[in-house]
There are 2 protein chains.
Amino acid sequence: MTDRALSPRAQRLRDAGHKLTNARLAVLDALETGGGHMTSTEILNRVNARDASIGRASVFRALDLFTRLSIIRPTYIDSSMTPAYVMLPDGHHHHIICTNCNRVIEFEDCGLNRLAAELERRLNVQLTGHLLEFYGLCDRCAS
Amino acid sequence: MTDRALSPRAQRLRDAGHKLTNARLAVLDALETGGGHMTSTEILNRVNARDASIGRASVFRALDLFTRLSIIRPTYIDSSMTPAYVMLPDGHHHHIICTNCNRVIEFEDCGLNRLAAELERRLNVQLTGHLLEFYGLCDRCAS
DNA sequence: ATTCCCGGTGAGACATTGTATCAATTAGAC
DNA sequence: GTCTAATTGATACAATGTCTCACCGGGAAT
């Protein structure tokens, strides 16, 4: 199963020295096919629908790992109980969260590459991704 | 207790039509004196140290309220179990999270005002704040 | 100052979600 | 195929957020 075409993210996992296990690939697939924002419970359900033998713990471990690799990022959307995980397709993601109805509006083109480069130079860090969130009222709620 | 000098944030609460109760003021004080990033547990401890009669639920309710008012914002730093709440002093906050050691490095001046104004116009939204997070390795971990 | 009302509160049982432990398994290098 | 360290699954457990409901009190009106 090593030479089958790997998704770019799976490749990224391997390149970082991690094994491509069933559990990890299932979580990755759940994330990729599940739409933009998923809670851990939604991910668990989706993973177990595909392979019921995969354990709870492994799913959470995979989510932690992916977060460290900047493949996903947990963010608070409506409940403070559990985060929603968003994909960072090219290392970044941007959205607006309505503080009234919790609707999420995504947008592109944050123009932060320049800032990222400057921070890397000035602070001597190695940045792999970012998340930009705006808060406020969406068009429907702004009446 | 109405005419005592109110912190700008307390004023904001009242202006939005919410009561300035003991519980809310205690949570606000905990946040303001507690440093940048606090988990709910740290906030609870701090609030109860000041006034043991304040209940769990009210603290969480206050945190939800402040989030809706863009006074604070929950973000996941090391655990995905509980968020850390960051203040949005002028409606915004920016930091870098090290994906290896979870250190948080704050920085100023994101230059996002222009983008915010453009989004408001284009999408017909009313933005009250934003949070910008970069992920990567801090200077110590980048070796 | 007093009254009234409705938003807000506290207690605590409860539900949900994440983590620790550990023996068993497996990916991937050789 | 063999080996080994990384990873897993099961489960018990810990931590965290929410719900309900009777009661309270902030603050506007009077």
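Here is how names work: the chains are called A, B, and so on, in the same order as the sequence lines, proteins then strands, and each is numbered from 1.
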Practice prompt. Report the residue (B/Gly17 or B/Asp78) whose heavy-atom-nearest nucleotide on DNA chain C is the more 5′ of the two.
Written response: B/Gly17
Fill in: Nucleotide nearest B/Asp64 when distance is taken to its side chain, options C/dT19, D/dT7, D/dT18
D/dT18
Worksheet item: Does D/dA6 have OP1 or OP2 sitting under 4.0 Å from an N or O in the side chain of A/His18?
Response: no
Worksheet item: B/Tyr76 has an atom OH; how far is it from atom P of D/dG17, in whole Å?
Response: 8 Å
Fill in: Minimum side-chain heavy-atom gap A/Phe134-B/Val125 below 4.5 Å
no
Worksheet item: Touch check for A/Arg56, heavy atoms < 4.0 angstrom, all strands: base, sugar-phosphate only, or nothing?
Response: base
Discussion item. Please report the interatomic distance CD(B/Glu42) to OH(B/Tyr85), rounded to the nearest 0.5 Å.
Written reply: 12.0 Å
Discussion item. From C-beta outward on B/Ser80, which listed nucleotide comes closest to its side chain: D/dT7, C/dG18, C/dT9?
Written reply: C/dG18
Worksheet entry | Distance below 4.0 Å between B/Thr41 side-chain N/O and D/dA15 OP1 or OP2 | no
Worksheet, complete the sentence: Winner on side-chain proximity to A/Thr82, out of C/dG28, C/dT17, C/dT19, is C/dT17
Worksheet entry | Atom-pair distance (CG on A/Leu63; P on C/dT19), nearest Å | 10 Å
Response to the item:
Of the candidates C/dG18, D/dG9, D/dT16, the side chain of A/Ser53 sits closest to D/dG9
Fill in: Polar side-chain contact B/Arg61-D/dG17 base: donor and acceptor under 3.5 Å
no
Worksheet item: Could you state the CG-P distance from A/Leu25 to D/dT8, rounded to the nearest angstrom?
Response: 10 Å
Practice prompt. Output the single nucleotide from C/dG18, C/dT9, D/dG27 whose closest atom is nearest the side chain of B/Met81.
Written response: C/dG18
Worksheet item: Rounded to the nearest Å, what distance is computed from the CG atom of residue B/Asn48 to the C1' atom of nucleotide C/dT9?
Response: 14 Å
Worksheet item: Is there a path of hydrophobic side-chain contacts, each under 4.5 Å between heavy atoms of I, L, V, M, F, W or Y residues, that connects B/Leu63 with B/Leu69?
Response: yes
Fill in: Between P of C/dC14 and CZ of B/Phe60, the distance in whole Å
19 Å
Practice prompt. For B/Lys19 and for B/Ser40, find the nucleotide of DNA chain D with the closest heavy atom, then tell me which residue's nucleotide is more 5'.
Written response: B/Ser40
Discussion item. Once you apply a heavy-atom cut-off of 4.0 Å, does B/Pro83 come out as touching a base, just sugar-phosphate, or nothing?
Written reply: sugar-phosphate
Worksheet item: Are the side chains of A/His93 and A/Glu133 in touch, meaning some heavy atoms are under 4.5 Å apart?
Response: no
Worksheet item: With nearest nucleotides of DNA chain C determined for B/Ala62 and B/Ser79 from heavy-atom distances, which residue corresponds to the more 5′ nucleotide?
Response: B/Ala62
Worksheet item: In terms of side-chain heavy atoms of A/Ala57, which of D/dT11, C/dG18, C/dT16 is nearest?
Response: D/dT11
Discussion item. Expressed as a whole number of angstroms, how long is the span from B/Glu42:CD to D/dG17:P?
Written reply: 12 Å
Worksheet, complete the sentence: Looking only at heavy atoms, the pair that brings B/Val86 and B/His95 closest together is CG1-CE1, 4.2 Å
Worksheet item: Is there a side-chain polar atom (N or O) of A/Arg14 under 4.0 Å from OP1 or OP2 of C/dA27?
Response: no
Item to complete: Please confirm whether the backbone N or O of A/Leu44 pairs with a side-chain atom of A/Arg56, one donor and one acceptor, at under 3.5 Å?
Response: no
Worksheet item: For the pair made of CG in A/Asn22 and C1' in C/dT25, what is the distance, rounded to whole Å?
Response: 12 Å
Worksheet item: Counting just side-chain N and O atoms, does A/Thr21 come under 4.0 Å of either OP1 or OP2 of D/dT7?
Response: no
Worksheet item: Starting at CE of B/Met38 and ending at C1' of D/dT16, how long is that distance when rounded to a whole Å?
Response: 16 Å
